Amino acid sequence: NTIAQEAYRWSTTAESTRRIMNIRYSLLPYTYTLFHKANKAGETVLRALAWEFPEDASLRAIDNQFMSGPALLVTPVLAPLATSVQGVFPGIASGTIWYDWYTLQKVDVAAGENKTLSAPIEHQPISVRGGYIIPIQKAGNTTATSRKSPWSLLIALDKDGKASGELYLDDGINIIQNATKNVEVSQTSPPHGNHFTNPC
């Protein structure tokens with residue numbers, strides 16, 4: 001006899017699963033674009049911090065965080081029953097800005113700091129790198145419904161008030177496409193204005 005392990009059997013596990021799945025489905029346009037680039041150019045989808053910040057030798061030893069593409073930093077909880085987690089924020093010394101995915105607020109962190117982040121069981125720490133525009137859609141309960149949802153852009157400005165991003169589009173079904181589209185977007189704002197915007 002074994003104890004059933006389905007996520008829905010525990011309320012906290014079910015809630016944390018719902019929250020992270022909503023994020024996952026809302027990020028389908030961003031992730032789909034990353035996979036397209038992986039297919040066409042051999043780029044990675046998930047990557048080590050040192051991949052994005054090769055000039056920082058200290059990042060080569062970081063094995064408890066990863067990047068999703070160039071714009072998202074994930075700091076997973078790897079210890080049982082932990083309610084906080086420590087992580088680094090690369091590039092701070094050279095002016096990189098990081099934003100909290102949930103609050104859209106700038107992360108207050110010093111260069112080289114191993115920062116403690118709140119991480120209760122229902123919360124997965126995710127940070128957005130300044131200088132990037134992330135295409136998202138309202139999450140549905142399947143990829144098909146998500147693709148029909150309204151679009152928006154998360155614009156995380158860098159220290160100079162600039163950001164850019166890209167989006168690959170196809171029909172989402174067929175291997176051989178009748179038509180595809182590559183969209184590039186950019187934003188420039190005053191450097192002392194709102195650094196994280198969602199204009200759509």
Side-chain angles (χ1 to χ4, degrees), residues 16 19-35 37 43-53 56 59 62 64-77 84-111 113-120 122-139 146 149-168 183-200:
S16 62
R19 292 184 186 186
I20 202 66
M21 290 300 289
N22 278 337
I23 295 172
R24 178 183 178 187
Y25 278 104
S26 71
L27 283 169
L28 278 177
Y30 173 74
T31 306
Y32 199 71
T33 300
L34 291 176
F35 274 103
K37 295 180 74 172
E43 294 189 15
T44 58
V45 176
L46 302 181
R47 53 193 71 167
L49 275 58
W51 177 280
E52 282 296 315
F53 299 87
D56 187 345
L59 297 177
I62 301 296
N64 62 336
Q65 293 175 278
F66 64 90
M67 300 286 297
S68 175
L72 296 175
L73 172 64
V74 182
T75 308
V77 178
S84 65
V85 65
Q86 288 188 315
V88 298
F89 289 82
I92 295 294
S94 58
T96 299
I97 298 174
W98 293 95
Y99 303 90
D100 182 273
W101 167 268
Y102 304 93
T103 67
L104 310 185
Q105 298 299 309
K106 182 179 174 182
V107 177
D108 183 16
V109 60
E113 179 182 357
N114 199 12
K115 187 173 180 66
T116 299
L117 305 171
S118 176
E122 297 173 353
H123 180 77
Q124 167 59 63
I126 301 171
S127 304
V128 182
R129 184 179 175 185
Y132 288 88
I133 298 177
I134 300 175
I136 62 174
Q137 285 183 287
K138 182 179 179 182
S146 294
S149 297
W151 290 85
S152 63
L153 297 173
L154 289 180
I155 303 174
L157 300 179
D158 64 13
K159 61 184 175 63
D160 299 316
K162 298 178 181 180
S164 62
E166 57 187 305
L167 171 66
Y168 168 77
V183 181
E184 295 184 0
V185 292
S186 62
Q187 173 77 28
T188 301
S189 295
H192 300 294
N194 182 2
H195 279 255
F196 203 127
T197 61
N198 185 344
C200 299

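If you're wondering where the values come from, they're calculated on a predicted model, not measured in any experiment.
- Around NZ of K162, the count of heavy atoms belonging to other residues, nucleotides or ligands within 6.0 Å does not exceed 12.
- Under a cut-off of 6.0 angstrom, the local environment of CZ in R19 is crowded, with over 12 non-hydrogen atoms contributed by other residues, nucleotides or ligands.
- Between the side chain of W98 and the main chain of P90, a donor-acceptor pair closer than 3.5 Å is present.
- Expressed to the nearest 0.5 Å, how far CG of L154 lies from OH of Y99 amounts to 12.0 Å.
- Rounded to the nearest 0.5 Å, atoms OG1 (T33) and CD1 (I134) are 11.0 Å apart.
- Panel note: side chain R129, backbone P70; a donor-acceptor pair is recorded below 3.5 Å.
- Taking both residues in full, the closest heavy atoms of A139 and S26 are given as CB-N, 3.9 Å, listed atom of the first, atom of the second, then distance.
- Put simply, CG on L73 and CG on L49 are 5.5 Å apart, with the number rounded to the nearest 0.5 Å.
- The distance from the OG atom of S164 to the OH atom of Y132 is 7.0 Å, given to the nearest 0.5 Å.
- When each of I62, V109, N64 is checked for a side chain to side chain contact (heavy atoms under 4.5 Å, CB included) with V88, only I62 meets the rule.
- Residues T96 and F89 form no side-chain contact, since every pair of their non-hydrogen atoms from C-beta on lies 4.5 Å or further apart.
- The shortest non-hydrogen separation linking L157 to A163 is CD2-CB, 3.9 Å.
- Between the Y30 side chain and the A71 main chain, a donor and an acceptor come within less than 3.5 Å of each other.
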**Request:** Tell me, with the steps shown, if S127 and T75 meet side chain to side chain contact (heavy atoms under 4.5 Å, CB included).
**Result:** CA-CA 8 Å; S127 304; T75 308; 5.6 Å; no

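- Annotation: D108, atom CG; neighbour count of heavy atoms from other residues, nucleotides and ligands within 6.0 Å does not exceed 12.
- The aromatic rings of Y32 and Y168 lie parallel to each other, with less than 30° between the two planes, well short of the 60° mark.
- Rounding to the nearest 0.5 Å gives a distance of 9.5 Å between OG of S149 and CG of L28.
- How far OG of S94 is from CZ of F53: 7.0 Å, rounded to the nearest 0.5 Å.
- Shown here are the side-chain contact (heavy atoms from CB on, under 4.5 Å) partners of P76, two or more places apart in sequence or in another chain: F66, V74, L78, Q124.
- Residues satisfying the ring-ring contact (aromatic ring centres under 6.0 Å, His included) criterion with F35, sequence neighbours excluded, are absent altogether.
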